[in-house]
Amino acid sequence: MHKKAIRLTAAIIILVQTSCFSAASFQGIGYLPGSVVRFSSAEAISADGSTIVGGAGYISTSNKLQFHAFRWTSNSGMTDISDLPEDAYSCFASDVSGDGSVIVGINENKAFIWTSANGTTHIETYPDSSESSSSIACDISFDGTIVAGTAAHGTSYNNLEAFRWTAEEGITGLGFLPNRPDNLQYGPESRAKAISYDGSVIAGCSNFQAFRWTTETGMVGIGDLQGGDFDSYAEDISADGSVIIGTGTSDLGAEAFRWTQETGIVGLGDFEGGDFESHAYAVSADGSIIIGTSVTDFDYEAFYWTAETGMLKLKDLLTEKYALDLSGWRLTDAYGISADGTKIVGYGFNPQGFEEGWIVTIPEPATILLLTLGGLVFRKSF
């Protein structure tokens with residue numbers, strides 16, 4: 001290679017390296033203003049990466065421990081969006097719309113939807129449900145108009161059925177998969193956990209098997225890992241509904257999985273040490289990046305997975321590849337990821353030993369790949 005070409009290649013590599021490493025960052029998101037309780041958990045992040053939602057501890061004026069739903073942005077910090085009376089216990093945010101303007105979750109065992117204009121309001125549930133029955137809103141479409149969740153029929157906490165909800169149509173039950181013979185005494189059950197960006201595809205679990213639901217097909221089971229006994233659970237879904245991730249069982253134990261129509265359920269493995277156990281919690285919009293937690297000799301640790309890298313410890317990725325200082329931090333669970341995969345949120349223990357939510361910003365995977373390929377060209381030139 002000509003020396004001028006070599007210098008040009010080197011310059012490109014340096015430029016890419018600079019942009020990659022300057023983009024990486026990590027920070028704890030703190031706690032509710034005025035709270036003496038040192039607990040917060042980042043459960044989800046908007047597709048555009050601007051807004052984090054979750055739950056944080058709080059002591060009421062009557063000295064009662066409560067958990068409040070919050071909304072967090074880099075400009076405003078953590079804002080309490082819960083609407084709890086003094087004797088209530090918890091309000092937790094589960095997910096947020098693409099631009100961060102609409103939030104869903106559970107408020108004292110009732111599914112809620114939040115907007116800045118209307119505050120926190122309950123989502124109406126099944127007609128045969130009583131005041132004492134429970135419901136939860138788990139996920140919301142990109143535009144914030146369609147909600148997926150679970151609600152109980154009757155008066156008990158049992159008889160749960162996955163639902164799809166819109167303000168115009170109200171609640172629609174999604175049905176059930178065939179019940180397992182060893183579970184007949186409990187009756188059928190289904191739970192919705194994730195929804196595609198346009199709201200047309202929903203994933204969850206029914207009678208111990210992960211499912212994919214569409215208006216055309218209804219609820220279809222997606223099976224389990226090899227050696228499993230149909231004890232699989234879907235946790236998240238790609239933007240177009242073609243990729244589902246979650247946890248299944250194999251002859252080794254609980255294992256994170258990735259599913260597509262072409263491949264079926266494929267296990268992602270786990271970390272060395274400790275029991276064999278991993279759980280996938282969220283996936284990027286294109287289905288290429290998966291995050292979650294796995295067990296080591298020490299405890300649970302957050303993971304970052306792509307087909308190219310396999311399962312990596314998120315903390316190791318941040319400290320070794322991007323030279324971030326995470327001294328004293330233990331990242332146990334990665335729960336949410338932005339559409340492009342550059343922002344990840346979760347939960348862990350800070351250097352003071354308190355439980356705190358966090359947010360990570362990392363370079364785009366395509367930029368990392370360009371850096372790798374550029375390095376190969378540079379070395380080969382010699």
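None of the values given here were measured: they were computed from a predicted structure.
Here the OG atom belonging to Ser135 is positioned 11.5 Å from the NE2 atom belonging to His153, to the nearest 0.5 angstrom. Annotation: the span from His68 atom NE2 to Ser40 atom OG amounts to 14.0 Å, rounded to 0.5 Å. From Glu161, atom CD reaches atom OG of Ser206 across 9.0 Å, with rounding to the nearest 0.5 Å. Note: Asp316 CG to Leu326 CG = 10.0 Å, rounded to the nearest 0.5 Å. The line from CD1 of Ile244 to CD1 of Ile202 is 11.0 Å long, rounded to the nearest 0.5 Å. With rounding to the nearest 0.5 angstrom, the CG atom of Asn179 is 4.0 Å from the CG atom of Asn207.
Between Glu108 and the options Ser90, Ser82, Cys91, a side-chain contact (heavy atoms from CB on, under 4.5 Å) holds for only Ser90.
Side-chain contact check for Asp340 and Thr342: at least one donor-acceptor pair (N or O, by modelled atom type) lies under 3.5 Å. For the 3.5 Å distance criterion, the side chains of Thr293 and His279 fail to qualify, holding no donor opposite an acceptor. Side-chain contact check for Glu356 and Tyr347: no donor-acceptor pair (N or O, by modelled atom type) lies under 3.5 Å.
Ile290 is listed as a side-chain neighbour of Leu268, based on a closest heavy-atom distance under 4.5 Å. Side chains of Thr120 and Asn107 form a contact here, defined as non-hydrogen atoms less than 4.5 Å apart. Side-chain atoms of Leu32 and Phe70, non-hydrogen and from C-beta on, do get closer than 4.5 Å to each other. Taking the side chain as every heavy atom from C-beta outward, Leu225 and Thr249 never approach each other to under 4.5 Å. Under the 4.5 Å side-chain criterion, counting only non-hydrogen atoms from C-beta, Asp95 is not in contact with Glu43. Looking at heavy atoms from C-beta onward, Ser250 lies out of side-chain contact with Gln226 at the 4.5 angstrom threshold. Residues Val96 and Ile45 are not in side-chain contact: their nearest non-hydrogen atoms beyond the backbone lie 4.5 Å or more apart. Counting heavy atoms from C-beta on, the side chains of Tyr300 and Glu277 come closer than 4.5 Å.
Linking ILVMFWY residues whenever their side-chain heavy atoms come closer than 4.5 Å, directly or via other members, leaves Phe176 and Leu160 in distinct clusters. Linking Ile, Leu, Val, Met, Phe, Trp and Tyr residues whenever their side-chain heavy atoms come within less than 4.5 Å places Ile106 and Tyr89 in a single cluster. Under the 4.5 Å side-chain heavy-atom criterion for grouping Ile, Leu, Val, Met, Phe, Trp and Tyr, Ile291 is not connected to Val345 through any hydrophobic cluster. The hydrophobic cluster containing Ile344 also contains Leu318, counting ILVMFWY residues as joined when their side-chain heavy atoms lie under 4.5 angstrom apart, directly or transitively. There is a path of hydrophobic side-chain contacts, each under 4.5 Å, that joins Leu314 to Leu324.
The side-chain hydrogen bond (donor to acceptor under 3.5 Å, both in side chains) contacts involving residues 164-174 comprise Glu124-Trp165, where partners must be two or more places apart or lie in separate chains.
Taking both residues in full, the closest heavy atoms of Ala302 and Ala334 are given as CB-N, 3.7 Å, listed atom of the first, atom of the second, then distance. Among all heavy-atom pairs drawn from Ile113 and Gly144, the shortest one is CD1-O, 4.4 Å. Heavy atoms only, all atoms of each residue included: Cys138 and Ser94 are closest at O-CB, 3.6 Å. Closest approach of Asp270 to Asp275, counting heavy atoms only: OD2-O, 3.5 Å. Of all the heavy atoms in Ala285 and Tyr197, the pair that sits closest is CB-OH, 3.7 Å. Across all non-hydrogen atoms, the minimal contact from Trp213 to Thr215 is CH2-CG2, 3.5 Å.
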ask   = Would Ile237 and Ile195 satisfy side-chain contact (heavy atoms from CB on, under 4.5 Å), going step by step from the backbone distance to the final call?
value = CA-CA 6 Å; Ile237 193 169; Ile195 193 167; 5.5 Å; no
query = Run the side-chain contact (heavy atoms from CB on, under 4.5 Å) check on Trp72 and Thr51 step by step: do they pass?
reply = CA-CA 6 Å; Trp72 182 98; Thr51 307; over 6 Å; no
request  = Would you check, one step at a time, whether the test side-chain contact (heavy atoms from CB on, under 4.5 Å) holds for Tyr322 with Leu317?
outcome  = CA-CA 7 Å; Tyr322 302 114; Leu317 178 68; 4.0 Å; yes
message = Checking Lys64 against Ile59 for the side-chain contact (heavy atoms from CB on, under 4.5 Å) test, could you report, in this order, the C-alpha distance in whole Å, the side-chain angles of both residues, the deciding distance, and whether it holds?
response = CA-CA 5 Å; Lys64 180 180 178 65; Ile59 298 293; over 6 Å; no
inquiry  = Please determine whether side chain to side chain donor-acceptor pair (under 3.5 Å) holds for the pair Gln27 and Ser25, giving the CA-CA distance in whole Å, both sets of side-chain angles, and the decisive distance to 0.1 Å.
reply    = CA-CA 7 Å; Gln27 74 172 103; Ser25 66; over 6 Å; no
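Under a 3.5 Å cut-off, the side chain of Ser196 and the backbone N or O of Ser200 do form a donor-acceptor pair. The closest donor-acceptor contact from the side chain of Ser41 to the backbone of Gly55 lies at 3.5 Å or more, if one exists at all. A donor-acceptor pair under 3.5 Å is formed between the side chain of Ser238 and the backbone N or O of Val243. Under a 3.5 Å cut-off, the side chain of Ser190 and the backbone N or O of Gly175 do form a donor-acceptor pair. A donor-acceptor contact shorter than 3.5 Å links the side chain of Thr150 to the backbone of Ala192. The backbone N or O of Gly269 sits less than 3.5 Å from a side-chain atom of Glu255, completing a donor-acceptor pair. No donor-acceptor distance shorter than 3.5 angstrom exists from the side chain of Thr319 to the backbone of Ala323, with no hydrogens or angles considered. Formation of a donor-acceptor pair under 3.5 Å by the Ser338 side chain with backbone atoms of Lys343 is found in this model. A distance-only check finds a donor-acceptor pair linking the side chain of Arg258 to the backbone of Gly287 [under 3.5 Å].
In this structure, Lys313 satisfies the cation-pi test against Phe271, with its NZ or CZ atom closer than 6.0 Å to the six-membered ring centre and inside 45 degrees of the ring normal.
Between Tyr126 and Phe163, the two ring planes are perpendicular [angle over 60°; tilted spans 30° to 60°]. In this pair, Tyr335 and Tyr281 present their aromatic rings tilted. The plane angle is within the 30 to 60° band. Phe26 and Trp329 have perpendicular rings, their planes meeting at more than 60° on a 0 to 90° scale where under 30° would count as parallel.
Salt bridge absent: Asp236 and Lys193 never bring a charged side-chain N and a carboxylate O closer than 4.0 Å.
Enclosure of atom CD in Gln352 by more than 12 non-hydrogen atoms of other residues, nucleotides or ligands within 6.0 angstrom is indicated.
Taking the centre of each ring, Phe39 and Phe67 come in below the 6.0 Å mark.
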